[in-house]
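Remarks on the structure that follows.
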Amino acid sequence: MGYKRVLTVQDISCFGQCSLTVALPILSACGVETCILPSAVLSTHTAGFSGFTFRDLTEDMPKILDHWAKEGISFDCIYTGYLGSITQIEYVKRMKSEFLRDGAKLIVDPAMGDNGKLYSIFDLSYAKEMAKLCAVADVIVPNITEACYMTGLEYRENYDEAYVDEVLHALDKMGAKTVVLTGISYTKDTTGVVVYENGTKQYYKHAKFEKGCHGTGDVYSSAFVGAYLRGNDLFESAKIAADYTYKCIANTYGDTTHWYGVKFETAIDYLTERLK
Ligand code: PXL
């Protein structure tokens with residue numbers, strides 16, 4: 001497969017182990033050249049902290065893109081996460097048309113909500129625009145909350161396979177042909193990921209911790225993109241990312257002082273070993 005170059009676009013939460021402070025080290029550990037475009041700089045992430053600062057970097061984006069265009073810079077993959085504004089969604093579309101090499105992929109984690117709610121800075125109009133971006137992406141990595149906000153489907157906490165089929169059908173109708181749907185749990189003790197590709201679906205499940213941890217969506221997506229760029233197929237990449245994320249949670253669980261993120265560094269050796 002050779003040495004790949006990825007651009008990841010998401011925020012810098014200076015404290016809190018999410019978005020770029022997770023994606024950059026994980027992708028680098030996967031052996032992928034990792035370029036970044038910060039969407040915003042926050043003092044902390046927004047889930048559980050109050051009074052955080054938020055520097056929106058929307059205005060810098062076109063200038064950075066203009067410079068890259070002049071330099072002839074291009075990527076094997078663009079992977080987007082938490083964006084700072086609706087305008088940035090438009091800039092990601094520009095990135096797709098100008099900076100992807102032949103055969104390169106746009107992978108979008110819509111990163112805007114969890115547990116049936118949008119994160120504090122987002123609203124329905126953002127979700128609507130995100131749906132349009134997901135419609136033109138090669139692969140999307142939503143959770144059920146994000147899928148529901150994008151498709152207008154009712155969010156359910158408890159569901160069966162028929163409901164997940166409905167979600168996949170709605171995403172397909174929206175234009176998303178390849179979906180890695182995370183956090184799919186049919187029993188109290190298990191959770192997993194559904195990979196939907198060319199109209200068929202595969203499910204990988206593993207043991208579930210009683211409580212969710214913050215930042216696991218970003219850990220999962222980063223490991224998924226890293227494994228995929230290392231030449232694994234979609235389902236194998238989804239499994240590697242699930243097993244890695246599980247270990248990160250296991251290494252954090254029970255430490256009540258570490259409520260804001262997961263200790264993803266403690267399992268990096270497991271991830272690199274899996275990719276050998
Ligand atoms: O992990 C998703 C995420 C990323 N960035 C910021 C966040 C969150 C989730 O709350 O607040 C700033």
Side-chain angles (χ1 to χ4, degrees), residues 1 4 6 8 10 18-19 22-23 26-27 29-32 34 76-81 103-111 114 134 137-148 150 159 161 163-165 167-172 174 176-187 189-209 212-213 215-250 262 264 267-268 270-276:
M1 280 301 272
K4 299 275 175 159
V6 62
T8 183
Q10 40 193 314
C18 68
S19 37
V22 164
I26 290 177
L27 286 163
C30 289
V32 181
T34 307
D76 297 299
C77 177
I78 296 174
Y79 151 44
T80 68
K105 305 277 189 222
L106 172 61
I107 301 179
V108 174
D109 177 345
D114 210 355
C134 285
D138 296 293
V139 181
I140 65 168
V141 193
N143 57 33
I144 291 252
T145 300
E146 291 153 352
C148 286
M150 290 194 291
Y159 47 79
E161 212 178 325
Y163 173 75
V164 170
D165 286 345
V167 172
L168 292 172
H169 179 71
L171 289 170
D172 188 303
M174 187 184 86
K177 298 299 171 214
T178 305
V179 179
V180 178
L181 190 59
T182 61
I184 302 303
S185 180
Y186 296 122
T187 70
D189 304 323
T190 61
T191 188
V193 55
V194 172
V195 175
Y196 176 82
E197 198 182 6
N198 303 321
T200 61
K201 68 176 199 283
Q202 288 171 284
Y203 181 50
Y204 179 65
K205 71 170 188 230
H206 52 83
K208 181 184 173 188
F209 289 92
C213 288
T216 49
D218 299 338
V219 169
Y220 183 89
S221 295
S222 304
F224 167 77
V225 171
Y228 187 57
L229 290 176
R230 284 292 297 274
N232 295 284
D233 66 23
L234 281 175
F235 191 51
E236 185 59 23
S237 304
K239 288 198 279 189
I240 292 170
D243 293 341
Y244 170 59
T245 306
Y246 178 87
K247 285 199 183 292
C248 295
I249 299 171
V262 288
F264 69 93
I268 284 272
Y270 168 82
L271 180 61
T272 53
E273 229 7 80
R274 269 291 284 272
L275 294 177
K276 272 186 188 153

*Find out whether Y79 and L27 are in side-chain contact, i.e. whether some heavy atom of one side chain is under 4.5 Å from a heavy atom of the other.*
yes
*asked:* Applying salt bridge (charged side-chain N to carboxylate O under 4.0 Å, His left out), can you list everything that pairs with D172, at least two apart in sequence or on another chain?
replied: K177
*Under 3.5 Å, is there a donor-acceptor pair linking the side chains of Y228 and D233?*
no
*Minimum heavy-atom distance V180-P142, with the two atoms named*: O-CD, 3.3 Å
*Is the F264 to Y244 ring centre distance short of 6.0 Å?*
no
*Using only heavy-atom distances, determine whether the side chains of Q10 and T8 contain a donor-acceptor pair under 3.5 Å.*
yes
_Between S221 and D109, a side-chain donor and acceptor under 3.5 Å_ = yes
*asked:* Can you classify the ring geometry of H206 versus Y204 as parallel (below 30°), tilted (30 to 60°) or perpendicular (above 60°)?
replied: tilted
*Can you tell me if S185 and Y159 form a side-chain donor-acceptor pair at under 3.5 Å?*
no
*Would you indicate whether the side-chain heavy atoms of V6 and L229 approach each other to under 4.5 Å?*
yes
*Geometric cation-pi criterion K201 and Y196, 6.0 Å radius, 45° cone*: no
*asked:* Tell me the closest heavy-atom pair linking D76 and A104, and the distance in Å.
replied: O-CB, 3.1 Å
